[in-house]
S.K.: 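Before I ask anything, let me first share the structure, which is written out below as C-alpha cells.
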Amino acid sequence: MIEFRNVSKDYPSGTHALNNISLKVQNGEFVFIVGSSGAGKSTFLKLIMGEEHLSEGEINVDGIRMSKLKRKKIPYLRRKMGIVFQDFRLIEKMTVYDNVAFAMRCVGASNKTIKTRVPYILKLVGLGSKIKSKPSQLSGGEQQRVALARALVNNPEIIIADEPTGNVDPEMSHEIIDLLSEINKQGTTILIVTHEHELVKEFGKRVIEIHKGKIVHDTKFEDKPAEEIELISSYDQTIPDDELSPLLKLDQVTPDDVQELVTDTTADSDENEEDAPRSEAEQRQEKIEKLLQEIESDDKEELINTVRLDSAKLREMMEEEQEKRKSDADVDSVIDSLK
C-alpha cells in the first residue's frame, strides 16, 4: 500500500530531512515510526499525505505515484486516510458529536448516515456518554479519543497518528495503542509516529527508526524483536555505515523487499505548480483563505486546521454562508421598515 523507493527530501533552507529511504508497508500492517526530534519523522508523514513534494525517488500510496499526483487530487487521496494529531485540533465551540460529524460532512455524507455512524464510532472509543460535551469538559485522554473517533469515522484505509500519546498519561497511552491495535485487526493500516520507546517495545509491532534522515532500524528485516533493539535516544549520536538497516544497502535488497512501483499511465502533469516559487503548503493555505474570506466565524482557524477539505466543499460552505448573510440582511431590512 505504501512504498518509498530511494526517497530523499531537501528543503530550501538546506536541511536534508530524508536521505535515500526505501521501505514498504503492506496493507493491514501496524508500524511504529520512531526517532529523535528532527530525525525526519514528520517529513516522512507529510510526504505520504501529499503536504510536501519529494526531492528524489518515488513514493507509491495505494497505487498512486505521489510525484505525479496533482494538487487538486490530493483531497481525494486523503479521504483514504484518518489523521490523528498530538494537539487534538478539536473545535471548542462544537460538541463531541459535532466535532466528529464535521469530518463526515466535509466529504458529503448524508445526515442519515452521520446520525448512525457518529454515535457508533463514539461508543467504539468509549465516549458514548460524552456525545453532548464540549472539548473543554473532557480530559486530555478523552479529547484524544475524540480526535481518534474523527479519524475513524470515514472508515479510512490508513490511519496516521502523529504523537497520539504525547499529551496523555501513561495509562491512557496504553489504552490508545490498544484501541489502534484492535482497529488494525480489522485490516486498517496503522502508522504511528512516537518517541515513547518503552511503549513501542511493549507492543511488539514493526518498528522503523529514522535517524538524521536515514533508516537505522527496521524490525521487519532484522533478526531481533522490537524489545531487544537499542533505539537511539541521543540527538547527535552518529551511526556508522555498517550499523545501518539493511534497507539502506540497496545492493542487498531483493526484489521481494522492494517491488516495482505501479506505472502511472497518465502523461499529464501540472508544470505551473512545479514552477511556483511558493511551497505547496503556502499555496494551499492561500487558496483556503481566499475561499473562506467571506466566512465570519471565530472557529475559522480551527476549521482550516482540523479537516483537510477539498476546494469544492469549501466553496459550497462559502456560498451557504453568503446566502445566510443575505437572508439575515433581508430580515433586517423588513424590521427597519416597520420602525
S.K.: Please round to the nearest 0.5 Å and tell me the distance separating atom CG of L148 and atom CG of L122.
M.R.: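 One finds 10.5 Å between CG of L148 and CG of L122.
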S.K.: Measuring from atom CE of M104 to atom CD1 of I114, what distance do you get when rounded to the nearest 0.5 angstrom?
M.R.: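 Going from CE on M104 over to CD1 on I114, the span is 5.5 Å.
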S.K.: Taking all heavy atoms of I91 and all of N99, pick out the closest pair and write down the distance.
M.R.: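 Distance-wise, the nearest heavy atoms are N-OD1, 2.7 Å.
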S.K.: Taking all heavy atoms of I74 and all of M49, pick out the closest pair and write down the distance.
M.R.: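 So the two residues come closest at CG2-O, 3.8 Å.
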S.K.: Please list, one pair per line, the donor and acceptor atoms closer than 3.5 Å that link side chains of residues 139-147 to other protein atoms, with sequence neighbours excluded.
M.R.:
{"from": "S139", "atom 1": "OG", "to": "E142", "atom 2": "N", "distance (Å)": "3.2"}
{"from": "S139", "atom 1": "OG", "to": "E142", "atom 2": "OE1", "distance (Å)": "3.4"}
{"from": "E142", "atom 1": "OE1", "to": "S139", "atom 2": "N", "distance (Å)": "2.9"}
{"from": "Q143", "atom 1": "NE2", "to": "P135", "atom 2": "O", "distance (Å)": "3.4"}
{"from": "Q143", "atom 1": "NE2", "to": "L138", "atom 2": "O", "distance (Å)": "3.4"}
{"from": "Q144", "atom 1": "NE2", "to": "F85", "atom 2": "O", "distance (Å)": "3.3"}
{"from": "Q144", "atom 1": "NE2", "to": "P164", "atom 2": "O", "distance (Å)": "2.6"}
{"from": "R145", "atom 1": "NH1", "to": "V125", "atom 2": "O", "distance (Å)": "3.1"}

S.K.: Before giving the answer on side-chain contact (heavy atoms from CB on, under 4.5 Å), spell out for E163 and V193 the whole-Å C-alpha distance, their side-chain angles and the decisive distance to 0.1 Å.
M.R.: CA-CA 5 Å; E163 297 282 4; V193 164; 4.3 Å; yes
S.K.: With rounding to the nearest 0.5 Å, note down the distance linking CD in Q26 to CD1 in I2.
M.R.: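 Reported to 0.5 Å precision, the distance equals 10.5 Å.
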S.K.: When L180 is tested against each of I176, D178, N184 for side chain to side chain contact (heavy atoms under 4.5 Å, CB included), which residue passes?
M.R.: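 Of all the options given, the one that passes is I176.
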S.K.: As an exercise, state the distance from CD of E52 to CG of L18, rounded to the nearest 0.5 Å.
M.R.: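 Output value for this atom pair is 10.5 Å.
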S.K.: Drop me the distance from K134's NZ to L90's CG, to the nearest 0.5 angstrom.
M.R.: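 Spacing of NZ (K134) from CG (L90) equals 12.5 Å.
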S.K.: Output yes when a side-chain donor or acceptor of T194 lies under 3.5 Å from a complementary backbone atom of E196, and no otherwise.
M.R.: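 Confirmed, T194 side chain pairs with E196 backbone.
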S.K.: Which pairs with one or both residues in residues 107-120 pass side-chain hydrogen bond (donor to acceptor under 3.5 Å, both in side chains), sequence neighbours excluded?
M.R.: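 For residues 107-120: S110-T113.
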S.K.: To the closest 0.5 Å, what do you measure between CD1 (I192) and OG (S181)?
M.R.: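 These two atoms lie 7.0 Å from each other.
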S.K.: Return the orientation label for the H174 and F203 ring planes: parallel under 30°, perpendicular over 60°, tilted otherwise.
M.R.: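 Aromatic pair H174/F203 classed tilted.
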S.K.: Give the minimum heavy-atom separation between R150 and A103, together with the two atoms involved.
M.R.: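 Of all heavy-atom pairs spanning R150 and A103, the closest is CG-CB, 3.7 Å.
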S.K.: If you take all heavy atoms of A151 and P156, which pair is closest and at what distance?
M.R.: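 Minimum heavy-atom separation between A151 and P156: O-CG, 3.3 Å.
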S.K.: List the atom of I48, the atom of L77, and the distance in Å for their closest heavy-atom pair.
M.R.: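 Of all heavy-atom pairs spanning I48 and L77, the closest is O-CD2, 4.0 Å.
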S.K.: May I ask you to check whether N20 and S8 show a side-chain donor-acceptor distance below 3.5 Å?
M.R.: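 The criterion, which ignores hydrogens and geometry beyond distance, is not satisfied for S8 and N20.
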S.K.: For the residue pair V118 and A101, what are the closest heavy atoms and their distance?
M.R.: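 The answer is CG2-CA, 3.8 Å.
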